[in-house]
Amino acid sequence: MRSLRPGSELETLRRWSLGASSPPACRAIHKTGGGAQRLHQRQESSRRQPSVSCVIASPVDIEPAANTSNGTAPAEVSNVAAQLSASAAEPGKTDWTQETLSVVVVGASGDLARKKIYPALFALYVEDMLPENFSVYGYARSKMSDEEFRDYIGGSLTCRVTDEDSCGDKYDTFLERCYYQPGQYSDESDFKALSERMTGTEKDRKKANRIFYLSIPPSIFTAVAGCASKAASSPSGWTRVIVEKPFGKDSESFAQLERELSNFLTEDQMYRIDHYLGKELIENLTVLRFANLVFEPLWSRNYIRNVQVIFSEDFGTEGRGGYFDQYGIIRDVIQNHLLQIVSLFAMEAPVSLDAEHIRNEKVKVLHCMKQLTLDDVVVGQYRGRQGKGHSYPGYLDDDTVPPGSLCPTFAAVALFINNARWDGVPFLLKAGKALANRRTEIRVQFRNVPGNLFSDRLSLNGMDLDRSTNELVMRIQPNEAIYLKINNKIPGLGMKLDTTKLDLTYKQRYNVHLPDAYERLILDVVNGDKRLFIRNDELDAAWALFTPILKEIESKKVQPELYPYGSRGPVGSHYLASKYGVRWGDILSADE
Ligand SMILES: NC(=O)C1=CN([C@@H]2O[C@H](COP(=O)(O)OP(=O)(O)OC[C@H]3O[C@@H](n4cnc5c(N)ncnc54)[C@H](OP(=O)(O)O)[C@@H]3O)[C@@H](O)[C@H]2O)C=CC1
Ligand SMILES: O=C1O[C@H](COP(=O)(O)O)[C@@H](O)[C@H](O)[C@H]1O
């Protein structure tokens, strides 16, 4: 593994973790990157709250962090091992110098695994964020040898974490740790065979920890959870299970899924992923709010007149129509990703950064949301369009979509939060496929300046007061940025104003590669940190909000408004916004 530069921040961290120095200042840790920083936070929070993620409730052996059993000197243990060995003295903590980690990707032949999971594991490996004793096991029905599996994974790996095009020998050493086990999803004996195979890379260690990533269709979640839990749980360490969305289609199916999964898994073992929570700007949302004096005092109905959360994609559902048609954009994006953003945005300050404290606040704000009614929802569906030399297919042109489907590929929703902070403030959410651009952002439009001395100057310049209010924009993707629109005097003689930006564009300010959301989230599972995972009561509340309206849309067969592929979406979304005196910020600022 990477040896650490003497005197470097990582070295300081390692020395601290081995008990050789006092804790490094947070500033130093921040500069080592998100993972190290989170590991530090994790240790901080774990001092307050012991981990409870072991499926086998066995007492934890406490060993001093010394040489690993294969004789590797402590200086060469991976970052994660070095950092976490500090917690070896705490009961319930993972001591990576003594323990192994196996990540089982169930559905190993699938799209998500190839697009996101293997590249994320590889990036963590290249950054030395995974334990020394780490292996990947692919599991699916497709027949593949280890070699074929390595070729399959190899094709999806890129070297995003270094400036060079190649990650050198990391590529080969990573693939050497990857194994493939074919099997059926509901056959315990196949999972037993997997488990036996895993013991091959787990031997010689005190404890073997296992993560099962359920990268499979939801119809087989329960079967796999049952088999994995009965036949392939770790016999000595913890077992954690990552569950991908969709978590049901409505309140009833979610409750049923939970009942079934809870026969095999405890809540502590379950990591429900919403990959939006792993995005850099979303993680920064709480920092922006609670680590700066200037924003939190303004964060209420007193100063904010509306909040917009906008998701747009410039491609349709091509190839995924069959899946998408069963869900539609409200379930696919709004009920989960956008609602998670709203709950983080609008929650009260948590007691601490502990996962449970944060999630308590998110649930509270979800419970304060006013029940949605049909007149606060607009649905749309994209139709085909002839472009210059190219024809763009409509949603219904996809062979996997049932003819005449009313499935919405666009929706806009006005939400209200009935509490003292947000009473009367519209939270406008919109999400759409096959629109003019790909963009996800949060826009906070502030109220007008009362008695504005410059109002005549603003209108003189063609800027009405509505357009010239302050706006805080958090652009989640692409080209991550936070900027604040302010009114400013145009330099020179006279008094002319314009609106300009205080601009924190990440790629200009930070010379770092931003980790993919899946990297952050998988690392958090390794560390047992649930801050960025969804608790079951959050989902209960989210489904309670959306189930009635989804049922109404479906039972009344509400006709989606058609919009051309590549356009700005249905006009209805503007009527919805204007009903609350709002203009969509992305339309006003098309040039940004
Ligand atoms: N793909 C994406 O971008 C995203 C996916 N997700 C979620 O992640 C999970 C995995 O997604 P994805 O990889 O796209 O899924 P896939 O459809 O690619 O399925 C994954 C694997 O599961 C097996 N499989 C597929 N259909 C069935 C079936 N009907 N019965 C049994 N096994 C089946 C196949 O493996 P084999 O035949 O070899 O057994 C397949 O390779 C899903 O829950 C999805 O909703 C979430 C966000 C984004
Ligand atoms: O969960 C989903 O998210 C993707 C968008 O994710 P992003 O990280 O690329 O923004 C969306 O395309 C897909 O329909 C949905 O299921």
Side-chain angles (χ1 to χ4, degrees), residues 111-112 114-116 119 244-246 273-282 308-342 377-385 387 390-398 400-401 405-413 428-443 473-481 514 516-518 546 560-574 576-577 584-592:
D111 181 56
L112 183 74
R114 209 167 59 86
K115 264 188 347 206
K116 294 291 184 183
E244 267 290 350
K245 67 161 213 168
I273 251 187
D274 181 315
H275 76 280
Y276 263 67
L277 293 182
K279 294 197 185 256
E280 188 64 42
L281 267 275
I282 301 298
Q308 306 175 14
V309 186
I310 298 169
F311 168 102
S312 83
E313 280 183 340
D314 56 2
F315 49 88
T317 58
E318 298 95 331
R320 278 185 86 211
Y323 156 82
F324 191 86
D325 202 75
Q326 297 170 47
Y327 291 91
I329 197 79
I330 296 179
R331 293 183 177 95
D332 192 46
V333 171
I334 297 183
Q335 180 269 355
N336 41 55
H337 305 324
L338 302 199
L339 195 62
Q340 282 292 320
I341 294 175
V342 172
V377 179
V378 170
V379 288
Q381 188 185 84
Y382 65 90
R383 61 172 170 77
R385 184 175 68 83
H390 190 84
S391 89
Y392 297 89
Y395 178 69
L396 296 180
D397 295 331
D398 185 335
T400 59
V401 169
S405 167
L406 298 178
C407 175
T409 59
F410 175 99
V413 170
L428 291 176
L429 278 46
K430 71 171 170 175
K433 301 237 168 220
L435 293 172
N437 54 29
R438 175 173 176 260
R439 185 195 295 208
T440 307
E441 60 190 11
I442 307 171
R443 287 181 169 262
V473 181
M474 281 157 267
R475 190 164 58 223
I476 296 155
Q477 64 187 30
N479 193 15
E480 290 80 353
L514 297 182
D516 185 74
Y518 283 85
F546 278 99
E561 188 181 327
L562 297 181
Y563 60 95
Y565 195 120
S567 67
R568 292 184 180 281
V571 179
S573 69
H574 299 287
L576 176 64
W584 289 104
D586 60 329
I587 306 291
L588 285 174
S589 322
D591 52 333
E592 284 161 4

- Main-chain N/O of Gln477 paired to Thr440 side chain as donor or acceptor, under 3.5 Å: no

- Message: Show the nearest heavy-atom pair for residues Ala431 and Leu338, with the distance to one decimal.
- Response: CB-CD1, 4.1 Å

- For the atom pair OH (Tyr392) and CG (Asp397), what is the distance rounded to the nearest 0.5 Å? 14.5 Å

- Using side-chain hydrogen bond (donor to acceptor under 3.5 Å, both in side chains) as the criterion, point out the one residue from Tyr565, Tyr563, Tyr395 that pairs with Thr409. Tyr563

- Message: Can you list everything that forms a ring pair (Phe, Tyr, Trp, His ring centres under 6.0 Å) with Tyr323? Sequence neighbours excluded, please.
- Response: Tyr327

- Query: Does the Lys430 side chain pair with the main chain of Ser312, one donor and one acceptor, at a distance under 3.5 Å?
  - Reply: no

- Item | Side chain Asn336, main chain Arg331, donor-acceptor under 3.5 Å | yes

- Note on the structure: Output for pair (Ile310 CD1, Glu441 CD), nearest 0.5 Å, gives 5.0 Å

- Sequence neighbours left out, what passes salt bridge (Lys or Arg N to Asp or Glu O under 4.0 Å) with Glu313? Give chain and number order. Lys433

- Query: Do you know the tightest heavy-atom contact between Gly328 and Cys407?
  - Reply: CA-SG, 3.5 Å

- Could you tell me whether a side-chain N or O of Gln381 sits under 3.5 Å from a main-chain N or O of Leu396, the two making a donor and an acceptor? no

- Query: Hey, does Ile476 have a side-chain heavy atom less than 4.5 Å from the side chain of Phe311?
  - Reply: no

- Task: With the side chain counted from C-beta on, respond yes when Asp325 and Thr400 share a heavy-atom pair under 4.5 Å apart, and no when they do not.
- Result: no

- Check: Trp584 side chain, Ser573 main-chain N or O, donor-acceptor pair, under 3.5 Å: yes

- Message: Let's go through Thr317 and Tyr382 carefully: what are the C-alpha distance in whole Å and the side-chain angles of both, what is the deciding distance for side chain to side chain contact (heavy atoms under 4.5 Å, CB included) to 0.1 Å, and is it a yes or a no?
- Response: CA-CA 10 Å; Thr317 58; Tyr382 65 90; 3.3 Å; yes

- Salt bridge present between Lys116 and Asp516 (N-O < 4.0 angstrom): yes

- Hey, does Phe546 have a side-chain heavy atom less than 4.5 Å from the side chain of Gln335? yes

- Note on the structure: d(Ile329 CD1, Ile334 CD1) to nearest 0.5 Å is 6.5 Å

- Message: For Leu277, is there any backbone N or O sitting under 3.5 Å from a side-chain donor or acceptor partner on Gln340?
- Response: no

- Gap separating the CG atom of Leu339 from the CG atom of Leu429, nearest 0.5 angstrom: 7.0 Å

- Message: Applying ring pair (Phe, Tyr, Trp, His ring centres under 6.0 Å), can you list everything that pairs with Phe324, at least two apart in sequence or on another chain?
- Response: none

- Query: Got a second to check how far Asp586's CG is from Arg439's CZ, nearest 0.5 Å?
  - Reply: 6.0 Å

- Item | Spacing of CD belonging to Glu480 relative to CG belonging to Leu514, to within rounding of 0.5 Å | 5.0 Å

- Item | Greater than 12 external heavy atoms within 6.0 Å of Arg385's CZ | yes

- Message: Side chains of Asp274 and His337, heavy atoms from C-beta outward: is any pair under 4.5 Å?
- Response: yes

